[in-house]
Amino acid sequence: GGAHASFGMRPVLLLAFVLAAGGGSGSTEPSPPGNLDPDVPPITLGSWYRPAADVDWQWQLDGTPNLAYAVELYDLDLFESPAGTAATLAGHGRRLVCYFSAGSAENWRSDYGRFTASDLGGAVPGWPGERWLDIRSANVQDVMLARLDSAVARGCAGVEPDWLHNFQLGTGFPITA
(Lines give C-alpha, C1' and ligand atoms only; values in the text may rest on other atoms or scores of the structure.)
Protein backbone atom coordinates (compact mmCIF):
# COMPACT_ATOMS: atom_id res chain seq x y z
CA GLY A 1 0.00 0.00 0.00
CA GLY A 2 0.87 3.68 0.00
CA ALA A 3 2.30 3.70 3.52
CA HIS A 4 4.78 1.01 2.58
CA ALA A 5 5.98 3.11 -0.35
CA SER A 6 6.62 6.13 1.81
CA PHE A 7 8.24 4.20 4.64
CA GLY A 8 10.39 2.43 2.08
CA MET A 9 11.38 5.77 0.57
CA ARG A 10 12.59 7.16 3.92
CA PRO A 11 15.88 5.25 4.07
CA VAL A 12 16.38 5.57 0.32
CA LEU A 13 16.06 9.37 0.50
CA LEU A 14 18.45 9.57 3.43
CA LEU A 15 20.87 7.40 1.51
CA ALA A 16 20.68 9.96 -1.31
CA PHE A 17 21.50 12.72 1.20
CA VAL A 18 24.45 10.77 2.57
CA LEU A 19 25.84 9.94 -0.85
CA ALA A 20 25.38 13.50 -2.14
CA ALA A 21 27.21 14.79 0.92
CA GLY A 22 30.09 12.38 0.42
CA GLY A 23 29.04 10.34 3.48
CA GLY A 24 30.92 7.21 4.39
CA SER A 25 34.20 8.63 3.11
CA GLY A 26 35.88 8.79 6.54
CA SER A 27 35.78 12.59 6.53
CA THR A 28 34.85 14.80 9.46
CA GLU A 29 31.46 15.61 7.89
CA PRO A 30 28.42 14.95 10.09
CA SER A 31 27.13 11.41 9.89
CA PRO A 32 23.51 10.59 9.06
CA PRO A 33 21.07 10.38 11.95
CA GLY A 34 20.41 7.04 13.58
CA ASN A 35 22.19 3.91 12.47
CA LEU A 36 21.79 4.31 8.72
CA ASP A 37 24.30 2.45 6.63
CA PRO A 38 25.08 4.16 3.29
CA ASP A 39 26.09 0.80 1.84
CA VAL A 40 22.61 -0.75 2.17
CA PRO A 41 21.35 -1.86 -1.26
CA PRO A 42 18.23 -0.20 -2.70
CA ILE A 43 14.82 -1.55 -1.76
CA THR A 44 13.50 -3.36 -4.82
CA LEU A 45 11.07 -5.91 -3.37
CA GLY A 46 7.75 -5.37 -1.64
CA SER A 47 4.20 -4.30 -2.29
CA TRP A 48 4.90 -0.57 -2.56
CA TYR A 49 3.65 1.37 -5.55
CA ARG A 50 5.94 1.33 -8.59
CA PRO A 51 4.44 3.14 -11.59
CA ALA A 52 5.15 1.81 -15.05
CA ALA A 53 7.65 3.75 -17.15
CA ASP A 54 4.83 4.89 -19.44
CA VAL A 55 2.42 5.96 -16.69
CA ASP A 56 0.14 8.90 -17.44
CA TRP A 57 0.67 11.61 -14.84
CA GLN A 58 -0.08 15.21 -13.95
CA TRP A 59 2.51 17.49 -12.33
CA GLN A 60 1.22 20.63 -10.58
CA LEU A 61 3.16 22.44 -7.85
CA ASP A 62 1.07 25.54 -7.21
CA GLY A 63 -2.53 26.62 -7.13
CA THR A 64 -5.55 24.50 -6.36
CA PRO A 65 -4.86 21.00 -7.70
CA ASN A 66 -6.88 20.14 -10.78
CA LEU A 67 -7.89 16.54 -10.11
CA ALA A 68 -9.95 16.24 -13.30
CA TYR A 69 -7.22 14.69 -15.44
CA ALA A 70 -7.73 11.03 -16.33
CA VAL A 71 -4.23 9.99 -15.25
CA GLU A 72 -2.93 7.31 -12.88
CA LEU A 73 -0.49 9.50 -11.00
CA TYR A 74 -0.52 13.04 -9.64
CA ASP A 75 2.65 14.81 -8.48
CA LEU A 76 1.61 17.65 -6.15
CA ASP A 77 3.33 19.88 -3.61
CA LEU A 78 3.49 18.27 -0.16
CA PHE A 79 2.82 21.58 1.61
CA GLU A 80 0.25 23.05 -0.77
CA SER A 81 -2.06 20.18 -1.65
CA PRO A 82 -5.09 20.01 0.66
CA ALA A 83 -5.32 17.31 3.32
CA GLY A 84 -7.35 14.42 1.99
CA THR A 85 -6.09 14.79 -1.59
CA ALA A 86 -4.50 11.31 -1.54
CA ALA A 87 -7.75 9.76 -0.31
CA THR A 88 -9.76 11.62 -2.95
CA LEU A 89 -7.43 10.39 -5.67
CA ALA A 90 -7.40 6.83 -4.30
CA GLY A 91 -11.19 6.84 -4.47
CA HIS A 92 -10.80 7.29 -8.22
CA GLY A 93 -8.05 4.67 -8.62
CA ARG A 94 -5.26 7.25 -8.73
CA ARG A 95 -2.04 7.76 -6.74
CA LEU A 96 -0.33 10.80 -5.25
CA VAL A 97 3.40 11.53 -5.21
CA CYS A 98 4.33 14.48 -3.00
CA TYR A 99 6.94 17.02 -4.10
CA PHE A 100 9.21 18.86 -1.67
CA SER A 101 12.57 20.56 -1.85
CA ALA A 102 15.20 18.40 -0.15
CA GLY A 103 18.24 20.54 -0.97
CA SER A 104 16.94 24.05 -0.42
CA ALA A 105 15.02 25.99 2.21
CA GLU A 106 12.04 28.00 0.98
CA ASN A 107 11.14 30.85 3.32
CA TRP A 108 7.41 30.42 2.67
CA ARG A 109 7.30 26.83 3.98
CA SER A 110 5.79 26.16 7.40
CA ASP A 111 8.93 24.36 8.63
CA TYR A 112 11.42 27.03 7.47
CA GLY A 113 12.00 28.12 11.09
CA ARG A 114 13.45 24.71 11.91
CA PHE A 115 16.57 25.43 9.85
CA THR A 116 19.50 27.00 11.70
CA ALA A 117 21.71 29.77 10.31
CA SER A 118 24.49 27.24 9.71
CA ASP A 119 22.09 25.06 7.67
CA LEU A 120 21.51 27.87 5.17
CA GLY A 121 23.83 28.52 2.24
CA GLY A 122 23.69 30.93 -0.64
CA ALA A 123 20.61 32.06 -2.53
CA VAL A 124 19.23 29.73 -5.18
CA PRO A 125 19.56 31.67 -8.47
CA GLY A 126 16.18 32.53 -9.97
CA TRP A 127 14.18 31.50 -6.90
CA PRO A 128 13.61 34.46 -4.52
CA GLY A 129 13.31 33.42 -0.88
CA GLU A 130 15.07 30.09 -1.47
CA ARG A 131 18.52 29.18 -0.09
CA TRP A 132 20.68 26.11 -0.44
CA LEU A 133 20.84 23.69 2.49
CA ASP A 134 23.83 21.96 4.00
CA ILE A 135 22.52 18.46 3.39
CA ARG A 136 25.31 17.07 5.61
CA SER A 137 23.65 18.67 8.65
CA ALA A 138 21.90 16.32 11.09
CA ASN A 139 19.33 19.07 11.63
CA VAL A 140 18.56 19.30 7.90
CA GLN A 141 18.25 15.52 7.76
CA ASP A 142 15.82 15.63 10.72
CA VAL A 143 13.68 18.21 8.90
CA MET A 144 13.65 15.98 5.82
CA LEU A 145 12.63 12.98 7.95
CA ALA A 146 9.74 15.07 9.29
CA ARG A 147 8.75 15.90 5.70
CA LEU A 148 8.79 12.20 4.86
CA ASP A 149 6.65 11.49 7.93
CA SER A 150 4.23 14.17 6.72
CA ALA A 151 4.08 12.49 3.31
CA VAL A 152 3.23 9.18 5.01
CA ALA A 153 0.53 10.85 7.13
CA ARG A 154 -0.97 12.49 4.04
CA GLY A 155 -1.15 9.15 2.20
CA CYS A 156 1.44 9.89 -0.48
CA ALA A 157 2.43 6.80 -2.48
CA GLY A 158 5.93 8.26 -2.87
CA VAL A 159 7.89 11.49 -2.86
CA GLU A 160 9.64 13.70 -5.38
CA PRO A 161 12.54 15.28 -3.47
CA ASP A 162 13.99 18.19 -5.46
CA TRP A 163 17.54 19.61 -5.58
CA LEU A 164 19.34 16.33 -4.87
CA HIS A 165 22.22 17.28 -7.17
CA ASN A 166 23.63 19.94 -4.81
CA PHE A 167 27.13 18.53 -5.20
CA GLN A 168 27.06 19.96 -8.74
CA LEU A 169 25.93 23.45 -7.71
CA GLY A 170 27.47 26.46 -5.97
CA THR A 171 25.69 26.02 -2.65
CA GLY A 172 28.33 27.59 -0.41
CA PHE A 173 29.08 24.21 1.17
CA PRO A 174 31.93 21.75 0.39
CA ILE A 175 29.59 19.03 -0.87
CA THR A 176 30.93 16.41 -3.26
CA ALA A 177 29.55 13.30 -4.92
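Remember, it's a predicted structure, so these values are computed and weren't measured experimentally. Worth knowing before you read on, the calculation uses all heavy atoms, side chains too, and leaves out hydrogens, waters and symmetry mates.
- Look at E130 and R109 and you find no salt bridge, because none of the NZ, NE, NH1 or NH2 atoms lies under 4.0 Å from a carboxylate O.
- In this structure a side-chain-to-backbone donor-acceptor pair under 3.5 Å is missing from S150 to A146.
- Remark: side-chain polar atoms of W48 are paired, donor with acceptor, to backbone N or O of L45 under 3.5 angstrom.
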Side chain to side chain contact (heavy atoms under 4.5 Å, CB included), that's the test. Do Q60 and N66 meet it? Break it down for me. CA-CA 8 Å; Q60 181 181 343; N66 179 349; 3.8 Å; yes
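- The hydrophobic cluster containing L61 also contains V97, counting ILVMFWY residues as joined when their side-chain heavy atoms lie under 4.5 angstrom apart, directly or transitively.
- Under a hydrophobic-cluster definition in which Ile, Leu, Val, Met, Phe, Trp and Tyr are linked whenever side-chain heavy atoms come within less than 4.5 Å, directly or via other members, V159 and W163 are assigned to different clusters.
- Put simply, the side chain of R136 reaches to within 4.5 Å of the side chain of P174, judged on heavy atoms.
- One N or O on the side chain of R131 and one on the backbone of G121 form a donor-acceptor pair closer than 3.5 Å.
- Between the side chain of R50 and the backbone N or O of G46, at least one donor-acceptor pair lies under 3.5 Å.
- Not counting sequence neighbours, the partners of D111 by the salt bridge (charged side-chain N to carboxylate O under 4.0 Å, His left out) test are R147.
- Between P161 and A102, the closest heavy-atom pair is CB-CB, 3.8 Å.
- Hydrophobic cluster membership of L67, counting Ile, Leu, Val, Met, Phe, Trp and Tyr whose side-chain heavy atoms lie under 4.5 Å apart directly or via other members: Y69, V71, Y74, L76, L89, L96.
- Transitive grouping of hydrophobic side chains (ILVMFWY, heavy atoms separated by less than 4.5 Å) brings F79 and L133 into a common cluster.
- When atom types are taken as modelled, the side chain of E160 and the backbone of F100 share no donor-acceptor pair closer than 3.5 angstrom.
- Remark: D62 pairs with no residue by the side chain to side chain contact (heavy atoms under 4.5 Å, CB included) rule, at least two apart or across chains.
- In terms of modelled atom types and a separation under 3.5 Å, the side chain of S104 and the main chain of S101 share no donor-acceptor contact.
- Contact record, A70 with R94: CA-NH2, 3.3 Å, taken as the closest heavy-atom pair.
- A search for side chain to side chain contact (heavy atoms under 4.5 Å, CB included) contacts involving T116 returns S118, D119, N139, not counting sequence neighbours.
- Closest of all the heavy-atom pairs between W132 and N166 is CZ3-OD1, 3.7 Å.
- For the pair D75 and C98, the tightest heavy-atom approach, listed with the atom from each and the gap, is OD1-C, 4.4 Å.
- Shown here are the side chain to side chain contact (heavy atoms under 4.5 Å, CB included) partners of Q168, two or more places apart in sequence or in another chain: H165.
- Side chain of Q141 to backbone of I135: a donor-acceptor contact under 3.5 angstrom is found.
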Between L78 and Y99, is the side chain to side chain contact (heavy atoms under 4.5 Å, CB included) condition met? List the steps. CA-CA 5 Å; L78 173 65; Y99 166 94; over 6 Å; no
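- Under the 4.5 Å side-chain heavy-atom criterion for grouping Ile, Leu, Val, Met, Phe, Trp and Tyr, L169 is connected to V124 within one hydrophobic cluster.
- Pairs passing the ring pair (Phe, Tyr, Trp, His ring centres under 6.0 Å) check and including a residue from residues 102-127, sequence neighbours excluded, do not occur.
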